[in-house]
There are 2 protein chains.
Amino acid sequence: MKLQDAGLRCTRQRIELGRLLFAKGDRHFTADLLHEEAKLNQIPVSLATIYNTLQLFMTVGLVRRLATGGQKTWFDTNVSEHHHLVLEDESRIIDIPAGYLTVHQLPPIPEDTEIDRIDVVVQLKRRQS
Amino acid sequence: MKLQDAGLRCTRQRIELGRLLFAKGDRHFTADLLHEEAKLNQIPVSLATIYNTLQLFMTVGLVRRLATGGQKTWFDTNVSEHHHLVLEDESRIIDIPAGYLTVHQLPPIPEDTEIDRIDVVVQLKRRQS
DNA sequence: ATTTGTGCAAATCGTTTGCATCTGA
DNA sequence: TCAGATGCAAACGATTTGCACAAAT
């Protein structure tokens, strides 16, 4: 299973959170949303552990953090290269299907650096009717 | 001048902050950096006013907020369409020159929304020698 | 004179941390 | 057994807000 593949200890909390996150396809979530969902599913886990676990999952590549421009940190279980639509109020994040938004002609970057990743964020606003 | 063009009251703080921000070309900054700079320049202004003023400048389009993926909010005095390189530790934000990274083939978006803007963030990390 | 802005301190929000206790290997 | 994980509460950093005072029109 994913946890031991990643060299992580299989604790109750991690197993249950992993189940929530990876059971039903790709998802976008914040620490708080995941905490709420855990509560709904009767999974005993503190918010602190949620944060620790997400940090951990991130360092082993199970989830990635998104650049959304908002105050809350959003995560994505889809760690492959793809981009996002972000609704105005940050209530929702939507994947941009592959094939759109291919990025060409990378810019020059400073001497001692390399590209870690590229986030394209399309900010949407509600259309004033 | 820019302030009255935008319909804002010309207060000491706003004038001085505007001078700092727009005097020497495009800049990237956080509320805190601007506060520091104001102090260095003997401009009496509280951090709260910095925040209020930036909010205001943003709503009238004098500055824009950047999606960097970090915890601090970065602003940009260049409000035209362009994109950014972000250093790993967020210590620095660099403009991507026009002509790079043109975005093609916009994805379908939900019914009642329109595109507000597009942020492309190229996250850089230090190259391990 | 009236409206709006400012500064301070306290409040808020998301996230992290210290530490005592528990648990998986 | 015992290194590592958890939970709680306190700490933290960025940002916002309430309110008394000051300044702009």
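Below, chain A is the first sequence line, B the second, and so on; all start at residue 1. Hydrogens, waters and symmetry mates play no part in the numbers below; they use all other heavy atoms, side chains included.
Between B:Thr11 and C:dT6, a side-chain N or O to OP1/OP2 separation shorter than 4.0 Å is present. OP1 and OP2 of D:dA5 both lie 4.0 Å or more from every side-chain N or O belonging to A:Thr53. The side chain of A:Arg14 contributes an N or O atom lying less than 4.0 Å from OP1 or OP2 of D:dA5. Between B:Thr49 and the phosphate of C:dG5, there is no side-chain N or O to OP1/OP2 separation shorter than 4.0 Å. Listed pair A:Tyr51 / C:dT15 meets the phosphate criterion, a side-chain N or O lying under 4.0 Å from OP1 or OP2. Considering only side-chain N and O atoms, A:Gln13 lies under 4.0 angstrom from the phosphate OP1 or OP2 of D:dT6.
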Checklist entry - For A:Asp76 and A:Arg65, what are the C-alpha separation, side-chain angles and deciding distance, and is it a salt bridge (charged side-chain N to carboxylate O under 4.0 Å, His left out)? => result CA-CA 6 Å; A:Asp76 192 339; A:Arg65 191 203 303 270; over 6 Å; no
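Taking 3.5 Å as the limit, the base of C:dG5 and the side chain of B:Arg9 contain no donor-acceptor pair of atoms between them.
Computed from coordinates, the B:Asn52 CG to C:dT6 C1' distance equals 8 Å when rounded to whole Å.
Ring orientation note: the planes of B:His84 and B:His28 are nearly perpendicular, at an angle over 60° on the 30°/60° scale.
For B:Ser46, the side-chain atoms get nearest to C:dG7 when compared with the rest of D:dT15, C:dG7, D:dT25.
When each of B:Arg65 and B:Arg12 is assigned the nucleotide of DNA chain D with its nearest heavy atom, B:Arg65 is the one assigned upstream, toward the 5' end.
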